[in-house]
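Below: the structure, in structure tokens.
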Amino acid sequence: ALGLWRSSLAEHLASRRHELARRYHRLAHVDHSTRLLALVERLVEAVPPPRGRGALGVDLEDYGPPRPGIASRILTPAELEDVGRLVEERRWISVLIRFSIKESIYKALHPWVRRYVGFREAAVWPDLQGRARVELALEGGEGPFLADARFEWLHGRLLTSARVRPDPCAERAREATIGPIQDEGAE
């Protein structure tokens, strides 16, 4: 099953080559880079294979030049406060990690929501081990969803991935609350 998941990821990445080339014009041949493919393979190994209905989103960002001005447009108030507590040298990297993970999350969410998801609809809390806790607050009321996020450093670039799937506990709770359907004529 893991091999099938990896091959479907490879097919997905191949189908997205044109979009990646357009968005990352300097990386137009991203699928031909041996080092990048090895890194993607390591990242895929780090993300657990989906159980049930899950989708994977991947994003690649250059470290620089720093663009600290984007923080106020992409971070929630709580994230801005968290980044503000960091020493100046670590702020840009924290903003970049959150930005890239949010991009990965939105790509993984797309199969379910099929709309633009704003940057403030997700909050990302990265740790020092290459993982991040994700809190979703979707304005359209979709979900709830579970999200797993990872990030990996590579020379001059940040590679992130996110796996999103419907929360099975919430689905079972919803079914239990609704209960069996009653026939209106039966009393």
Side-chain angles (χ1 to χ4, degrees), residues 5 8-9 11-13 15-16 18-20 22-24 40 43-44 46-62 67-86 91-152 157-179 181:
W5 180 72
S8 73
L9 174 63
E11 289 172 15
H12 173 74
L13 289 174
S15 72
R16 305 283 300 220
H18 178 73
E19 182 180 336
L20 285 171
R22 185 176 50 78
R23 287 191 67 199
Y24 305 106
V40 169
L43 193 59
V44 168
V47 176
R51 290 184 180 89
R53 300 165 291 171
L56 182 70
V58 178
D59 189 55
L60 179 67
E61 297 290 336
D62 288 328
R67 302 173 306 277
I70 69 170
S72 62
R73 293 186 310 235
I74 65 164
L75 300 180
T76 65
E79 289 173 305
L80 280 169
E81 186 178 318
D82 190 53
V83 169
R85 285 192 291 259
L86 297 173
R91 289 180 186 167
W92 166 241
I93 293 300
S94 182
V95 170
L96 181 64
I97 290 169
R98 292 165 199 259
F99 171 77
S100 186
I101 287 176
K102 288 181 182 196
E103 288 283 323
S104 294
I105 289 166
Y106 305 150
K107 292 170 187 174
L109 271 172
H110 185 75
W112 287 286
V113 300
R114 300 209 186 281
R115 65 173 178 82
Y116 172 79
V117 177
F119 284 105
R120 293 199 175 107
E121 293 182 70
V124 175
W125 309 100
D127 66 20
L128 298 175
Q129 287 75 42
R131 295 181 305 265
R133 179 173 53 89
V134 176
E135 298 169 2
L136 296 173
L138 300 176
E139 292 172 2
E142 304 94 344
F145 296 100
L146 299 176
D148 300 313
R150 306 279 191 272
F151 61 95
E152 178 92 23
R157 295 187 179 98
L158 172 66
L159 182 65
T160 63
S161 68
R163 181 173 61 104
V164 175
R165 62 189 172 101
D167 184 347
C169 295
E171 288 179 11
R172 285 192 291 273
R174 190 173 327 137
E175 290 169 4
T177 303
I178 294 171
I181 298 175

Is there a side-chain contact between Val134 and Val164, using heavy atoms and a 4.5 Å cut-off?
no
Supply the atom-to-atom distance Ile74 CD1 to Glu103 CD, rounded to the nearest 0.5 angstrom.
8.5 Å
Measure the CG-CZ distance between Leu146 and Arg165 for me, rounded to the nearest 0.5 Å.
5.0 Å
Arg67: salt bridge (Lys or Arg N to Asp or Glu O under 4.0 Å) partners, not counting sequence neighbours
none
If you take all heavy atoms of Leu96 and Asp62, which pair is closest and at what distance?
CD2-O, 3.8 Å
Leu136 versus Ile105: any side-chain heavy-atom pair under 4.5 Å?
yes
Stepwise, does the side chain to side chain contact (heavy atoms under 4.5 Å, CB included) test hold for Leu86 with Ile93?
CA-CA 10 Å; Leu86 297 173; Ile93 293 300; over 6 Å; no
All heavy atoms of Ala108 vs all of Leu56, minimum pair found to be CB-C, 3.9 Å
Go through the structure and list residues passing side chain to side chain donor-acceptor pair (under 3.5 Å) with Ser100, not counting sequence neighbours.
Asp59, Thr160
Between CG on residue Leu159 and OG on residue Ser104, distance to nearest 0.5 Å:
7.5 Å
Nearest atoms (heavy-atom pairs only) where Arg98 meets Leu75
CD-CD2, 3.7 Å
Checking Tyr106 now: which residues fulfil ring pair (Phe, Tyr, Trp, His ring centres under 6.0 Å) with it, not counting sequence neighbours?
Phe119
Can you find a pair of side-chain heavy atoms, one from Val95 and one from Pro68, that are under 4.5 Å apart?
no
Mind checking whether Trp92 and Val83 have side chains closer than 4.5 Å, heavy atoms only?
no
Taking all atoms of both residues into account, what is the closest heavy-atom pair of Ile97 and Leu158, and its distance?
CA-CD2, 3.6 Å
Check side chain to side chain donor-acceptor pair (under 3.5 Å) between Glu121 and all other residues, then give those that pass, not counting sequence neighbours.
Arg115
Can you confirm whether Glu61 sits close enough to Phe99 that some side-chain heavy atom of one is under 4.5 Å from a side-chain heavy atom of the other?
yes
Considering only distance and modelled atom types, tabulate donor-acceptor pairs under 3.5 Å from the side chains of residues 124-131, sequence neighbours left out.
from   : atom 1 : to     : atom 2 : distance (Å)
Trp125 : NE1    : Glu135 : OE2    : 3.4
Asp127 : OD1    : Gln129 : N      : 2.8
Asp127 : OD1    : Gly130 : N      : 3.2
Asp127 : OD1    : Arg131 : N      : 2.9

Just jot down the side-chain contact (heavy atoms from CB on, under 4.5 Å) partners of Arg85, sequence neighbours excluded, or say none.
Glu81, Asp82
